Amino acid sequence: QVQLAESGGGLVQAGGSLRLSCVASESILRFDAMGWHRQESGKQRELVARITRGGSTNYAASVKGRFTISRDNAKDTVYLQMSSLRPEDTAVYYCTAEAGLKDIWGQGTQVTVSS
């Protein structure tokens with residue numbers, strides 16, 4: 001059973017920065033892509049960033065220019081560097097792995113941005 005473990009969430013003031021980490025229990029090269037989703041309370045989950053096996057990236061328009069997804073294949077780790085944080089970025093952030101037709105989800109880490 002593949003496991004994804006997120007860390008790095010917390011409370012930060014608007015304008016601040018935070019880096020989330022996602023450590024996989026096996027090589028992330030196994031997966032077609034890795035990504036980060038988030039879910040605000042009472043809202044649907046949305047994709048915020050994604051990186052494919054080949055290294056191409058995609059970002060939600062709301063975070064483009066502020067968030068950066070990256071990876072360290074040797075450490076089986078994917079990162080989400082978040083800068084210029086806004087209160088509307090407050091959400092539970094989930095690490096995701098795409099394995100063919102199956103998606104694997106972490107348990108999530110809370111990010112709270114205060115105004």
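Residue numbers run from 1 in the order of the sequence given. Every value quoted in this text rests on a predicted model; they were computed, and no experiment measured them.
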**Request:** Determine whether T112 and V12 make a side-chain contact, defined as any pair of heavy atoms from C-beta on separated by less than 4.5 Å.
**Result:**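 T112 vs V12: side chains apart.
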**Request:** Say whether Y59 and V111 are linked into one hydrophobic cluster, either directly or through other cluster members, by side-chain heavy-atom distances under 4.5 angstrom.
**Result:**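 Yes, because Y59 and V111 connect within a single hydrophobic cluster, where side-chain heavy atoms sit under 4.5 Å apart.
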**Asked** So, do V2 and F31 sit near enough that their side-chain heavy atoms are less than 4.5 Å apart?
**Response**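 Of all side-chain heavy-atom pairs linking F31 with V2, at least one is under 4.5 Å.
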**Asked** Can you list every disulfide (SG to SG under 2.5 Å) pair that touches residues 14-101, not counting sequence neighbours?
**Response**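 The answer is C22-C95.
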**Message:** Can you list, by chain and residue number, the hydrophobic cluster partners of V23 when the side-chain cut-off is 4.5 Å?
**Reply:**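 Taking Ile, Leu, Val, Met, Phe, Trp and Tyr as members, V23 stands alone, with no cluster partners.
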**Prompt:** Is it true that a side-chain atom of T77 and a backbone atom of K75 form a donor plus acceptor pair closer than 3.5 Å?
**Reply:**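 Between the backbone of K75 and the side chain of T77 there is a qualifying donor-acceptor contact (under 3.5 Å).
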**Message:** Going by side chain to side chain donor-acceptor pair (under 3.5 Å), name the pairs with one or both residues in residues 22-33, residues two or more places apart or in two chains.
**Reply:**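 For residues 22-33, and leaving out neighbouring residues, the side chain to side chain donor-acceptor pair (under 3.5 Å) pairs sorted by first residue read E26-R30, D32-R53.
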**Message:** Does Q107, at its CD atom, have more than 12 non-hydrogen atoms belonging to other residues, nucleotides or ligands within less than 6.0 Å?
**Reply:**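 12 or below, so no.
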**By side chain to side chain donor-acceptor pair (under 3.5 Å) - contacts of Q3 (at least two apart)** =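 For Q3, no residue satisfies side chain to side chain donor-acceptor pair (under 3.5 Å) once neighbours in sequence are set aside.
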**Message:** Distance check, rounded to the nearest 0.5 Å: I69 atom CD1 versus N58 atom CG?
**Reply:**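 Here the rounded value is 9.5 Å.
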**Request:** Would you mind listing the cluster partners of L29? Hydrophobic ones only (ILVMFWY), side-chain contacts under 4.5 Å, chaining allowed.
**Result:**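 Besides L29, the hydrophobic cluster comprises nothing; the residue is isolated.
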**Request:** Just do the side chain to side chain contact (heavy atoms under 4.5 Å, CB included) check on Q81 and S83 with the steps written out, would you?
**Result:** CA-CA 7 Å; Q81 178 66 50; S83 300; 4.0 Å; yes
**Prompt:** Taking ILVMFWY side chains as joined if any heavy atoms are under 4.5 angstrom apart, and letting links pass through other members, which residues group with L101?
**Reply:**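 For L101, no cluster forms, as it stays isolated from other hydrophobic side chains.
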**Asked** Is D72 close to Y79 at the side-chain level, that is, under 4.5 Å between some pair of heavy atoms?
**Response**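 Yes - at least one pair of side-chain heavy atoms lies under 4.5 Å apart.
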**Prompt:** Is it true that a side-chain atom of T90 and a backbone atom of V113 form a donor plus acceptor pair closer than 3.5 Å?
**Reply:**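 Yes, because the side chain of T90 sits within donor-acceptor range (under 3.5 Å) of the backbone of V113.
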**Prompt:** Which one of T109, L80, L85 satisfies the side-chain contact (heavy atoms from CB on, under 4.5 Å) criterion with L18?
**Reply:**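 When side-chain contact (heavy atoms from CB on, under 4.5 Å) is applied between L18 and each of T109, L80, L85, only L85 qualifies.
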**Prompt:** Looking at residues at least two apart in the chain, or sitting in another chain, which of them share a salt bridge (charged side-chain N to carboxylate O under 4.0 Å, His left out) with R66?
**Reply:**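 R66: salt bridge (charged side-chain N to carboxylate O under 4.0 Å, His left out) contacts with D89.
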**Item:** Members sharing L11's hydrophobic cluster (side chains within less than 4.5 Å)
**Value:**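 ILVMFWY cluster around L11 holds nothing else.
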**salt bridge (charged side-chain N to carboxylate O under 4.0 Å, His left out) partners of E46, counting only residues at least two apart** =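 E46: salt bridge (charged side-chain N to carboxylate O under 4.0 Å, His left out) contacts with R38.
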**Message:** Tell me every residue that passes side chain to side chain donor-acceptor pair (under 3.5 Å) with S84, counting only those two or more places apart in sequence or in another chain.
**Reply:**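 Not a single residue meets the side chain to side chain donor-acceptor pair (under 3.5 Å) criterion with S84.
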**Message:** Let me check something: do I51 and Y94 share a hydrophobic cluster, defined by ILVMFWY side-chain heavy atoms less than 4.5 Å apart, either directly or through other members?
**Reply:**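 In one cluster: no.
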**Message:** Please find the pair of heavy atoms, one from R50 and one from E98, that lie closest to each other, and give the distance.
**Reply:**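 Reported closest heavy-atom pair: NE-OE2, 2.7 Å.
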**Request:** Check whether any side-chain heavy atom of I104 lies under 4.5 Å from a side-chain heavy atom of T96, and answer yes or no.
**Result:**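 Result no, sub-4.5 Å side-chain heavy-atom pair not found.
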**Prompt:** Heavy atoms, side chains only, cut-off 4.5 Å: are M82 and Y93 in contact?
**Reply:**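 Touching, per the 4.5 Å side-chain cut-off.
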**Prompt:** Can you list the steps and then say if E6 with S21 is a side chain to side chain contact (heavy atoms under 4.5 Å, CB included)?
**Reply:** CA-CA 6 Å; E6 302 102 329; S21 298; over 6 Å; no
**Asked** Tell me, which pairs form a ring pair (Phe, Tyr, Trp, His ring centres under 6.0 Å) where one or both residues lie in residues 33-52, sequence neighbours left out?
**Response**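 For residues 33-52: H37-W105.
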**Asked** Hey, does the side chain of R45 reach the backbone of E40 with a donor-acceptor pair shorter than 3.5 angstrom?
**Response**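 Not confirmed, R45 side chain does not pair with E40 backbone.
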**Asked** Which pairs pass disulfide (SG to SG under 2.5 Å) with one or both residues in residues 31-89, sequence neighbours excluded?
**Response**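 For residues 31-89, and leaving out neighbouring residues, there are no disulfide (SG to SG under 2.5 Å) pairs at all.
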